[in-house]
Colleague: 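Here's a structure for you.
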Amino acid sequence: MTAKPTSTAVRIPAALTVKELGDILNISAIEVIKRLMTNGVMANVNQTIDYDTAAIIAVELGLDPEEAVAEEPAVAALALEEEEIADDPASLKPRPPVVTILGHVDHGKTSLLDAIRKTKVAAGEAGGITQHIGAYQIERDGKLVTFIDTPGHAAFTAMRARGAQVTDIAILVVAANDGVMPQTIEAINHALAAEVPIIVAINKIDLPTANPDRVKQQLTEHNIVVEEYGGDVVAVPVSATTGEGLADLLEAINLVAEIGELKANPDRPASAVVVEAEMDAGRGPIATVLVQAGTLRQGDAVVAGETSGKIKAMFDDQGKRVREAGPATPVVIMGLEAVPEAGERIRAVADERLARTIVDERRRGREAAEQTDHAHVNLDTLFNEISAGKLKELIIILKADVRGSAEALKGALERLSNPEVKLKIIHSATGPVSDSDVMLAEASNGIIIAFNSRTDPSAKKRAEATGVEIRSYSIIYQVLEDVEKALTGMLEPKYEMVTDGHAEVRQVFKSSRLGQIAGCYVLDGTIKRGSPTRVLRNNEEIGKGRCEGLKRFQEDVREVQAGYECGVVLSGFDKYAEGDVIEFYHEARVN
Ligand code: GDP
């Protein structure tokens, strides 16, 4: 075997845009697009394609492609890996706990956050003007506590959906006069799914109708057993209005924090999470970030999701300018190029150039991933995931029209658990599928089963964008059957129509032997004999048929590429007219 001449060797990255491929192959982007089209791939100039696709074009040009493991991405990858490296235990120092307040609407989350914040101001802290930046810190007995200032589990789970576990302790607020309500249960399930310790704040005890004991009892029914009932959850009676019990609540927080032995290494490049971000007319993109590890400093080059920048200035929750921020400290930063999203990780890297490389690489990676299927679990792909050993637990969020069916389904589904896959229902409730359900599914890599429940339009949109599967049913045994089939790999195969190409009818001939022959010009893709087709007139389907005959001049051919003329004979349809378009397709299995 002779070695191939090296001049034909060409290195192509794992993912690249059409334009970049053109540059590498020394042909115009238009030429790349045309060639992709002939291979059945529709792409525009800025679209990212993967190596395998790019390699086909390179081979067509007589080149010898090789996947490039570029140096820059290696550097970037290294920077990313750094985070995964466990800190030396000796480098870990105690850090303040980060607390989020969850609970039903109107039970006093905001009032409680404000009341706690005031204890700091009352204690004579500097500043006076407090500004809401999405998080704040207070000091008690010389110990700091960080509160996330956006109450509610939606924000909490939105962060978790992005892989950011910020909260160390969840405060579950329950109004003593109102008791456990639907969102209380939701909050409990979100906190349990996140596996964070819960402290119950029984609020509004100043009201004459307050009944803390009833609250404790109700909580027991939802897996929250307080100490008085033999459990290990601390419940503190408080009043955001009078301030009663706040000191006890803070003490309870410190106690739970101590048990958790929360630590972080302040002496490493900072890693933080975006809590809130917005575009400020005067200052550009600003973001409140919570440092999780390391120390963030003014002047640091940072990456946050798909944006980067250099920290121009930082402010604490009092609006005071600061130069650095250690673990569990919330700060407002200026200097990012774009507004990042809440929950996104922000990381300090060596310099701005590396920051840009990483961002670039992420964008490409995402685009390439978007081209292939989404990674989220769904019933159709479930069995493959189980077989591949990737999935040990099927997480289900169950929404039903009435309590009775929710409970019946829950029990029946749980019995489907088997040694390979455990079925875990992390939330079951009545009502429509909401945004918060989708976020919970996203954060937990679960699926949603809607039984006689509709889906809120915004939840539907979110599910589509994030790849969360919502399956609607109205018959219980069908739910069980589908889940069981998915678990055993028996789910009916699903097919999707994949278009191979289009041919325009330019002339119609009559043949005594073959009937009507459509003289066509192939507009795009490659059309194949034997393919199923649809005939379109003014974009509307007027007929269907299988391609029985395909001819170039007098010869029978198997396929014809874009840009060529051919004769087409369909079985099942022959009423084509000039200007009709015949769409050739094939069915591809999608599960
Ligand atoms: P959120 O929706 O959970 O954030 O609840 P808010 O903090 O907005 O409180 C809802 C209502 O309950 C407001 O009218 C508050 O003034 C009132 N509230 C909050 N905490 C207390 C409390 O401890 N005692 C009494 N009496 N009212 C309270």
Side-chain angles (χ1 to χ4, degrees), residues 98-122 130-138 140 145-159 166-167 169-192 194 196 198-216 218-219 222 224 226 233-253 275-276 288 317 330 342 427 429 431 434-437 439-440 456 458:
V98 179
V99 179
T100 299
I101 298 199
L102 314 174
H104 193 74
V105 65
D106 277 349
H107 278 198
K109 298 181 292 294
T110 315
S111 308
L112 208 54
L113 275 162
D114 286 344
I116 293 168
R117 182 203 290 267
K118 281 203 198 95
T119 62
K120 176 179 182 174
V121 180
T130 53
Q131 43 174 73
H132 285 258
I133 63 164
Y136 66 81
Q137 255 186 343
I138 61 143
R140 181 181 149 77
V145 180
T146 305
F147 285 88
I148 301 289
D149 200 0
T150 39
H153 51 262
F156 171 80
T157 302
M159 285 205 204
V166 239
T167 305
I169 299 170
I171 306 283
L172 180 71
V173 181
V174 191
N177 59 331
D178 216 11
V180 169
M181 297 298 276
Q183 284 170 24
T184 315
I185 301 166
E186 240 179 61
I188 291 172
N189 291 335
H190 282 235
L192 290 177
V196 290
I198 296 173
I199 295 175
V200 179
I202 303 180
N203 193 29
K204 305 197 186 184
I205 49 155
D206 57 292
L207 293 176
T209 47
N211 188 349
D213 284 331
R214 187 173 67 110
V215 173
K216 290 176 195 166
Q218 288 175 329
L219 286 171
H222 298 280
I224 302 291
V226 300
V233 177
V234 182
V236 188
V238 296
S239 166
T241 305
T242 66
E244 192 184 340
L246 289 189
D248 297 335
L249 180 62
L250 294 173
E251 202 175 299
I253 292 171
V275 178
E276 264 182 29
T288 298
D317 55 349
H427 180 57
S434 67
D435 259 13
S436 141
D437 295 324
M439 278 192 275
L440 183 59
D456 287 341
S458 64

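All of these numbers come straight from a predicted model, not from anything done at the bench. Whatever order the structure lists them in is the order used to number ligands and atoms, beginning at 1.
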Colleague: Hey, does the side chain of Asp437 reach the backbone of Ser434 with a donor-acceptor pair shorter than 3.5 angstrom?
Modeller: yes
Colleague: Please list, chain by chain and in numerical order, all residues satisfying side chain to side chain contact (heavy atoms under 4.5 Å, CB included) with Val145, sequence neighbours excluded.
Modeller: Pro97, Val99, Ile138, Phe147, Ile253, Asn254
Colleague: Backbone N or O of Val236 within a donor-acceptor pair of the Asp248 side chain at under 3.5 Å?
Modeller: no
Colleague: Under 4.0 Å from any heavy atom of Asp206, which atoms of ligand 1 are there?
Modeller: 22 (C), 23 (O), 24 (N), 25 (C), 26 (N)
Colleague: State, to 0.1 Å, how close Val174 and Val180 come at their nearest heavy-atom pair, and which atoms those are.
Modeller: CG1-N, 3.9 Å
Colleague: Pull out every atom of ligand 1 sitting under 4.0 Å from any heavy atom of His104, numbered as shown with elements.
Modeller: 3 (O)
Colleague: Does the N or O separation between Gly108 and ligand 1 drop below 3.5 Å for any pair?
Modeller: yes
Colleague: Which pair of heavy atoms, one from Ile205 and one from Ala210, lies closest together, and at what distance?
Modeller: CA-CB, 3.8 Å
Colleague: Under 4.0 Å from a heavy atom of Asp106: which atoms of ligand 1 are those, numbered in the order shown and with their elements?
Modeller: 1 (P), 2 (O), 3 (O), 5 (O), 10 (C), 12 (O)
Colleague: So how far is it from His107 NE2 to Ile101 CD1, rounded to the nearest 0.5 Å?
Modeller: 14.5 Å
Colleague: At under 4.0 Å between heavy atoms, is it the side chain or the backbone of Leu207 that contacts ligand 1, or both, or neither?
Modeller: side chain
Colleague: Compare His107, Glu244, Lys204 and give the one whose heavy atom is closest to atom 11 (C) of ligand 1.
Modeller: Lys204
Colleague: Do any N/O atoms on Ala240 end up under 3.5 angstrom from N/O atoms on ligand 1?
Modeller: yes
Colleague: Just heavy atoms, cut-off under 4.0 Å: does Thr110 contact ligand 1 by side chain, backbone, both, or neither?
Modeller: both
Colleague: Can you tell me how far CG of Asn203 sits from CG of Leu249, rounded to the nearest 0.5 angstrom?
Modeller: 9.5 Å
Colleague: Would you tell me which option among Leu246, Thr241, Leu113, Thr209 has the nearest heavy-atom contact to atom 25 (C) of ligand 1?
Modeller: Thr241
